[in-house]
There are 2 protein chains.
Amino acid sequence: MADPTPIDLASLRRSCGHCSLRQLCLPADIGMADLARLDEVVRRKRPLRRDERLFHHGDALSSIYVARNGAFKTVSLSEAGDERVIGFHLPGELMGLDALAGGEHRCEAVALDPAEVCEVPVDDLAAVAAQLPGLQRQLMRVIGQSIARDQDHAEMLARRHANERIALFLHGLGERLTHIGQSSLQFRLAMSREDIASYLGLAIETVSRGFTRLQDDRVIAVSGRQVEVLDPAELLRLAHGGEPPQEQRRQA
Amino acid sequence: MADPTPIDLASLRRSCGHCSLRQLCLPADIGMADLARLDEVVRRKRPLRRDERLFHHGDALSSIYVARNGAFKTVSLSEAGDERVIGFHLPGELMGLDALAGGEHRCEAVALDPAEVCEVPVDDLAAVAAQLPGLQRQLMRVIGQSIARDQDHAEMLARRHANERIALFLHGLGERLTHIGQSSLQFRLAMSREDIASYLGLAIETVSRGFTRLQDDRVIAVSGRQVEVLDPAELLRLAHGGEPPQEQRRQA
DNA sequence: CGTGTGTTTGATAGTATTCAATTAATGTGG
DNA sequence: CCACATTAATTGAATACTATCAAACACACG
């Protein structure tokens, strides 16, 4: 079988030093000399197609990954075999840390779009980090960010009202988009309603109704996966448990 | 100001090598020579009283902590100032990683019981870990365990039915107790119903009713905070989404 | 023995889920 | 390029569940 997406060697070879994600990624705040050492261990995987998996449940931990282009979801598999979304990953964000404990991945990473990742073999990373205090520190920082995102997720899920979870989800996504230099007021959702529902612990219909409600209330404008935030302040207020406006919807 | 709970120097001085938690904690699987180096940086804090805080929201990250005796909860503070429980921590489990990203703690750690912790200054730990590959690896492992617990928490919260969350909570707690050598079939909850409710994203009454229901169904026997698991298999089945037994069929 | 906190129980209202059906978007082969 | 087939998303109505309010109860502590 011929590979329909041949590797672009030129782009794969570009070093961390020239990466647009440099500020967000492992290389943040480390010196030029250290950068060269890091470059030696960072590999780039060939592009992934939509729905392609970066690693599978049960795979032995070999590398951690940094999303480079495109978005990912990580899913855990239940007994029954159905998937539950436990995280979304934008460019610059880490994947694969779940295997640090047991040496095996507890979840699977799936590309939501055509995507690229940087792969960092853990053994190499550990060896280099031991020599470079700056990299060690930065590694801890990005791990911390991953932990912080997990806690944000838990905070969403702990909200009792579906609309709060949805507002928090959209708000949080906006913040992460800002962080990678994209607009937080106008964006395209890389994930399906089903993915969102799974991530938020809601039924898919509830997510759909939540979006509709936010649109009726003029907080967002949504068309399929395209989202525009019309009233960021209100979105934030709703995310933090503020009451939605009373029934005075206008007709079309 | 006289300290009402004087430090027991003898017990504080006991080294990691003699600690009963050795298998669970940072020292797991590292050699005797390395152990001595680790001992130099690990400090023990004076015992904490119930409700005493190990660190506060906004505190600068100085150390990470390992629960030694007693249980802890970590809580995040909402805008309104009310607390939300984001984790429970048993002996051998890490606390404080939330601050790795931003350098400030995003939550507070509260002792649920009279408790002791080991304190590991992050700077020292990083320095020693850089020299000791075994410690570095073990550090990654315990960080991974912490991440895995966060994901387990999210999985609980993502369950739609209150009883599933509760069953999963009790089952997970049992597993963690087994891990530290305690019975998973008979134990005392260190946390209040309110804490559990907050942790599970439920109303306190719903938690109480869930416990009652499990007792009525002969899955557990509960008296206040004392819990006995009568039917572990059924508890696991319920935790994984199994249907609770029907009220009473038309015919036996 | 009261008092306060924590827990349980009951009744009701509100919200999310489920089932069902429709509409919109996407992909495929002719 | 269009018609068709599939999948994704929305909408509606009825049911089931949880939150809320209210009150009783249990327990520890002074």
Side-chain angles (χ1 to χ4, degrees), chain A residues 49-51 73 82-85 112-114 156-170 188-216 220-227 238 241 243-244 246-247 249 251-252, chain B residues 49-51 73 82-85 112-114 156-167 169 188-217 220-227 238 241 243-244 246-247:
Chain A
R49 290 182 295 272
R50 193 170 180 279
D51 287 334
K73 65 176 174 183
D82 44 57
E83 300 183 346
R84 167 153 284 146
V85 176
L112 292 170
D113 280 325
M156 270 177 238
L157 289 169
R159 297 301 173 96
R160 312 247 182 85
H161 294 289
N163 290 337
E164 280 181 51
R165 294 189 206 175
I166 294 166
L168 209 46
F169 169 71
L170 289 172
R188 187 187 155 279
L189 297 169
M191 65 294 287
S192 68
R193 296 288 191 275
E194 189 171 6
D195 287 335
I196 298 172
S198 175
Y199 183 67
L200 296 180
L202 298 171
I204 179 173
E205 296 95 328
T206 306
V207 173
S208 182
R209 280 185 248 269
F211 277 37
T212 302
R213 177 67 198 273
L214 284 172
Q215 179 159 248
D216 289 347
I220 65 173
V222 56
S223 168
R225 295 190 175 187
Q226 194 62 37
V227 174
L238 292 171
E243 292 299 318
Q246 285 309 317
E247 177 93 19
R249 275 192 244 159
Q251 56 224 4
Chain B
R49 290 181 294 273
R50 192 169 181 281
D51 288 332
K73 64 177 175 184
D82 45 56
E83 299 182 348
R84 187 177 299 274
V85 176
L112 293 170
D113 280 322
M156 270 177 237
L157 289 169
R159 298 300 174 97
R160 311 249 184 87
H161 294 289
N163 290 337
E164 282 182 46
R165 294 190 206 175
I166 293 167
F169 168 71
R188 187 187 155 278
L189 297 169
M191 66 294 286
S192 68
R193 295 288 190 275
E194 189 171 6
D195 288 334
I196 298 172
S198 175
Y199 183 68
L200 296 180
L202 298 171
I204 179 173
E205 296 94 329
T206 305
V207 173
S208 182
R209 280 186 249 268
F211 277 34
T212 302
R213 178 67 197 274
L214 285 172
Q215 178 158 248
D216 289 347
D217 292 344
I220 64 173
V222 56
S223 169
R225 296 191 175 186
Q226 193 64 34
V227 174
L238 293 171
E243 290 298 316
Q246 286 306 320
E247 195 72 8

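We name chains A, B, ... by the order of the sequence lines, and we start the count at 1 in each one. From a predicted model like this one, the values you see are computed outputs, not experimental measurements.
Under a 3.5 Å cut-off, the side chain of R188(A) and the backbone N or O of V227(A) do not form any donor-acceptor pair. Formation of a donor-acceptor pair under 3.5 Å by the R193(A) side chain with backbone atoms of I204(A) is not found in this model. A donor-acceptor contact shorter than 3.5 Å is absent between the side chain of S198(B) and the backbone of E194(B). The backbone N or O of L200(B) sits less than 3.5 Å from a side-chain atom of R165(B), completing a donor-acceptor pair.
Think of the region where chain B sits on DNA chain C: with heavy atoms and a 4.0 Å cut, that region ends 5' and 3' at dT7(C) to dT18(C).
Residue F211(A) holds its CZ atom at 4.5 Å from CG of L170(A), rounded to the nearest 0.5 Å. Remark: R209(B) CZ to L202(B) CG distance equals 11.5 Å, nearest 0.5 Å.
Rounded to an integer number of Å, the gap from CZ of R188(A) to C1' of dA8(D) is 13 Å. Across the protein-nucleic acid pair, R50(A) atom CZ and dT7(D) atom C1' stand 11 Å apart, rounded to whole Å. Following rounding to the nearest Å, Q215(A) (CD) and dA9(D) (P) show an atom-to-atom distance of 15 Å. Distance I196(B) CD1 to dT18(D) C1': 18 Å, rounded to the nearest Å. In this structure, L200(B) atom CG and dA19(D) atom C1' are separated by 15 Å, rounded to whole Å. Rounded to an integer number of Å, the gap from CZ of R213(A) to P of dT10(D) is 16 Å. When rounded to the nearest whole Å, the span between CZ of R193(B) and C1' of dC25(D) equals 14 Å.
Across all strands, I204(A) comes closer than 4.0 Å to no nucleic acid atom at all (heavy-atom distances). At a threshold of 4.0 angstrom between heavy atoms, the contacts of S208(B) include nucleobase atoms, whether or not backbone atoms are also involved. Within 4.0 Å (heavy atoms only), R225(B) reaches sugar-phosphate atoms of the nucleic acid but no base atom. Backbone-only contact: G201(B) has heavy atoms under 4.0 Å from sugar-phosphate atoms and none from a base.
A donor-acceptor contact under 3.5 Å is formed by the side chain of R209(B) with the base of dT20(D).
Taking for each of G224(A) and R160(A) the nucleotide of DNA chain C with the nearest heavy atom, the 5'-most of the two is the partner of R160(A). Comparing H161(A) and E205(A) by the nucleotide of DNA chain D that holds the closest heavy atom to each, the one mapping nearer the 5' end is E205(A). Looking at which nucleotide of DNA chain C each of T206(A) and S223(A) is closest to, the 5′-most match is held by T206(A).
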query = After noting the C-alpha distance and the side-chain angles of T212(A) and V222(A), does the key distance pass the side chain to side chain contact (heavy atoms under 4.5 Å, CB included) rule?
reply = CA-CA 8 Å; T212(A) 302; V222(A) 56; over 6 Å; no

request  = For side chain to side chain contact (heavy atoms under 4.5 Å, CB included), just list the numbers for Y199(B) and M156(B), CA-CA rounded to whole Å, side-chain angles, deciding distance to a tenth of an Å, and then say yes or no.
outcome  = CA-CA 9 Å; Y199(B) 183 68; M156(B) 270 177 237; 3.9 Å; yes

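In the displayed structure, Q215(B) atom CD is contacted under 6.0 Å by more than 12 heavy atoms of other residues, nucleotides or ligands.
Using five terminal pairs a side, the axes of the helix from dC1(C)-dG30(D) to dG30(C)-dC1(D) at its two ends make an angle of 40°, given in steps of 10 degrees.
Between D195(B) and K73(B) there is a salt bridge, since at least one side-chain N of the basic residue sits less than 4.0 Å from a carboxylate O of the acidic one.
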